[in-house]
Amino acid sequence: MQSLWNDSEAAACGDNLLAQRVYTSQLLGREPSLVLHGGGNTSVKARVRNLLGDDEDILYIKGSGWDLATIGAGGFAPTRLHTLQRLAALPALSDSDMMRELKAACTDPAAPTPSVEAILHAIMPSRFVDHTHADAVVAISNTANGEQLLRELYGDTVLVLPYVMPGFVLAQQVYAATRMIDWRQLQGIILLHHGVFTFHEDARTSYENMVALVDRAEQYLRKRGIRD
């Protein structure tokens with residue numbers, strides 16, 4: 001897998017963080033092996049001044065059901081970051097309560113419903129977060145000794161966690177597993193049988209970290225004659 005980043009295309013985004021998020025989301029969406037059937041989600045954190053003149057930290061998270069290949073700015077739900085982070089610390093939260101709280105945390109009632117993984121994106125400290133269901137990584141994960149293979153392939157640069165259902169339980173798991181982690185030492189997180197998260201303060205780096213991790217998995221499979 002190779003990066004599809006184009007300096008001329010990226011320059012059109014300027015310093016607009018949401019525009020940068022849209023651009024790299026569409027780059028991910030151009031790769032069917034990353035986002036088959038529209039899967040995956042992305043986010044960006046930004047400080048926004050509201051109508052009352054107050055600055056708020058906002059998580060722009062992909063709306064449920066939106067396709068990364070064609071998503072525009074309107075496909076991202078602006079949610080109050082601090083609210084999502086507080087939800088992550090709750091001892092329990094039902095799916096119905098979570099979805100109600102996610103929608104209530106939106107600053108725009110006309111925005112799409114936030115992704116079920118919004119809380120997870122919120123607790124990751126990096127500005128940009130990319131998540132895909134990369135075929136090559138999941139293929140390795142789904143083998144009998146997949147967890148061991150992934151740890152050998154990526155070493156300490158990637159945190160490998162067991163599969164749990166996306167939503168609050170997953171956010172809670174990652175929250176607990178990363179409380180003492182130095183995020184600067186991580187290139188990504190792999191959720192077994194699910195997919196990959198990458199993150200960075202810079203849109204290009206977060207995107208290209210994804211490309212690099214998936215490319216390493218593809219090369220591993222290719223050397224074993226599993227992928228052409």
Side-chain angles (χ1 to χ4, degrees), residues 1-11 13 20-44 62 67-71 115 117 120-121 124-163 166 170 174 177-178 181-228:
M1 180 167 291
Q2 296 182 339
S3 171
L4 300 177
W5 180 275
N6 180 285
D7 286 336
S8 297
E9 292 176 352
C13 300
Q20 294 173 23
R21 177 69 285 173
V22 168
Y23 175 60
T24 52
S25 297
Q26 291 178 354
L27 294 185
L28 293 173
R30 293 180 195 175
E31 292 282 3
S33 64
L34 292 179
V35 292
L36 189 64
H37 304 309
N41 47 62
T42 57
S43 67
V44 63
K62 193 198 87 161
D67 190 332
L68 288 177
T70 56
I71 196 168
S115 165
E117 291 175 341
L120 178 53
H121 282 249
M124 294 183 175
S126 299
R127 184 181 301 279
F128 291 90
V129 176
D130 297 61
H131 171 47
T132 73
H133 305 155
D135 288 352
V137 176
V138 174
I140 297 173
S141 170
N142 287 351
T143 61
N145 58 339
E147 180 175 355
Q148 177 184 341
L149 292 174
L150 289 170
R151 294 187 188 280
E152 292 173 355
L153 185 61
Y154 295 114
D156 294 335
T157 63
V158 171
L159 181 65
V160 180
L161 296 174
Y163 174 81
L170 174 56
V174 175
T178 59
I181 287 286
D182 183 354
W183 287 85
R184 295 170 298 179
Q185 303 303 313
L186 287 180
Q187 191 176 5
I189 294 176
I190 292 177
L191 306 177
L192 293 174
H193 317 298
H194 181 94
V196 187
F197 283 87
T198 56
F199 33 81
H200 202 273
E201 293 302 298
D202 173 69
R204 179 174 185 173
T205 304
S206 185
Y207 162 70
E208 292 190 337
N209 280 347
M210 178 67 70
V211 171
L213 292 182
V214 175
D215 181 65
R216 202 180 308 176
E218 289 180 345
Q219 290 187 44
Y220 172 87
L221 294 173
R222 194 173 294 115
K223 287 177 181 177
R224 284 152 183 79
I226 302 172
R227 192 180 187 92
D228 55 26

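Sequential numbering from 1 along the given sequence is applied to the chain's residues.
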Asks: What I'd like to find out is whether the side chain of Val129 reaches to under 4.5 Å of the side chain of Leu120, using heavy atoms alone.
Replies: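 No - every pair of side-chain heavy atoms lies 4.5 Å or more apart.
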Asks: Would you please name every residue forming a side-chain contact (heavy atoms from CB on, under 4.5 Å) with Val138, sequence neighbours left out?
Replies: Asn142
Asks: Does Glu31 reach the side chain of Val214, with side-chain heavy atoms less than 4.5 Å apart?
Replies: no
Asks: To the nearest 0.5 Å, how far apart are CD in Glu152 and CD in Gln148?
Replies: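 Result: 4.5 Å between the selected atoms.
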Asks: Tell me every residue that passes side-chain hydrogen bond (donor to acceptor under 3.5 Å, both in side chains) with Trp5, counting only those two or more places apart in sequence or in another chain.
Replies: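 So Trp5 forms a side-chain hydrogen bond (donor to acceptor under 3.5 Å, both in side chains) with Asp7.
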Asks: About how many Å separate OH of Tyr207 and CG of Leu28, when rounded to the nearest 0.5 Å?
Replies: 6.5 Å
Asks: Not counting sequence neighbours, which residues clear side-chain hydrogen bond (donor to acceptor under 3.5 Å, both in side chains) with Tyr154? List them please.
Replies: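 Partners of Tyr154 by the side-chain hydrogen bond (donor to acceptor under 3.5 Å, both in side chains) criterion come out as none, since no residue qualifies.
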Asks: With sequence neighbours left out, what residues match Asp182 under side-chain contact (heavy atoms from CB on, under 4.5 Å)?
Replies: Arg184, Gln185
Asks: For Thr24, what residues pass the side-chain hydrogen bond (donor to acceptor under 3.5 Å, both in side chains) criterion, not counting sequence neighbours?
Replies: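 Checked Thr24 against side-chain hydrogen bond (donor to acceptor under 3.5 Å, both in side chains); matches are Arg21.
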Asks: Please enumerate all residues that pass side-chain contact (heavy atoms from CB on, under 4.5 Å) together with Thr70, with sequence neighbours excluded.
Replies: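 Residues passing side-chain contact (heavy atoms from CB on, under 4.5 Å) with Thr70: Asp67.
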Asks: Show every salt bridge (charged side-chain N to carboxylate O under 4.0 Å, His left out) that has at least one partner inside residues 189-203, sequence neighbours left out.
Replies: Arg127-Glu201
Asks: Check each of Glu117, His131, Lys62 against Asn41 using the side-chain hydrogen bond (donor to acceptor under 3.5 Å, both in side chains) test, and report the only one that passes.
Replies: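 Exactly one option meets the side-chain hydrogen bond (donor to acceptor under 3.5 Å, both in side chains) with Asn41, and it is Glu117.
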Asks: Which residues pass the ring pair (Phe, Tyr, Trp, His ring centres under 6.0 Å) test with Tyr220, not counting sequence neighbours?
Replies: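 For Tyr220 there are no ring pair (Phe, Tyr, Trp, His ring centres under 6.0 Å) partners, ignoring immediate neighbours.
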Asks: Going by the rule ring pair (Phe, Tyr, Trp, His ring centres under 6.0 Å), which residues pair with His121 if we only count those two or more places apart in sequence or in a different chain?
Replies: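 For His121, the residues satisfying ring pair (Phe, Tyr, Trp, His ring centres under 6.0 Å) (neighbours in sequence not counted) are Phe197.
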Asks: Would you please name every residue forming a ring pair (Phe, Tyr, Trp, His ring centres under 6.0 Å) with Phe128, sequence neighbours left out?
Replies: none
Asks: Tell me every residue that passes side-chain hydrogen bond (donor to acceptor under 3.5 Å, both in side chains) with Gln2, counting only those two or more places apart in sequence or in another chain.
Replies: none
Asks: Suppose we screen for side-chain contact (heavy atoms from CB on, under 4.5 Å). Which residues come up paired with Gln187, at least two apart in sequence or across chains?
Replies: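 If we apply the side-chain contact (heavy atoms from CB on, under 4.5 Å) test to Gln187, skipping adjacent residues, the hits are Thr157, Asn209, Ala212, Leu213, Arg216.
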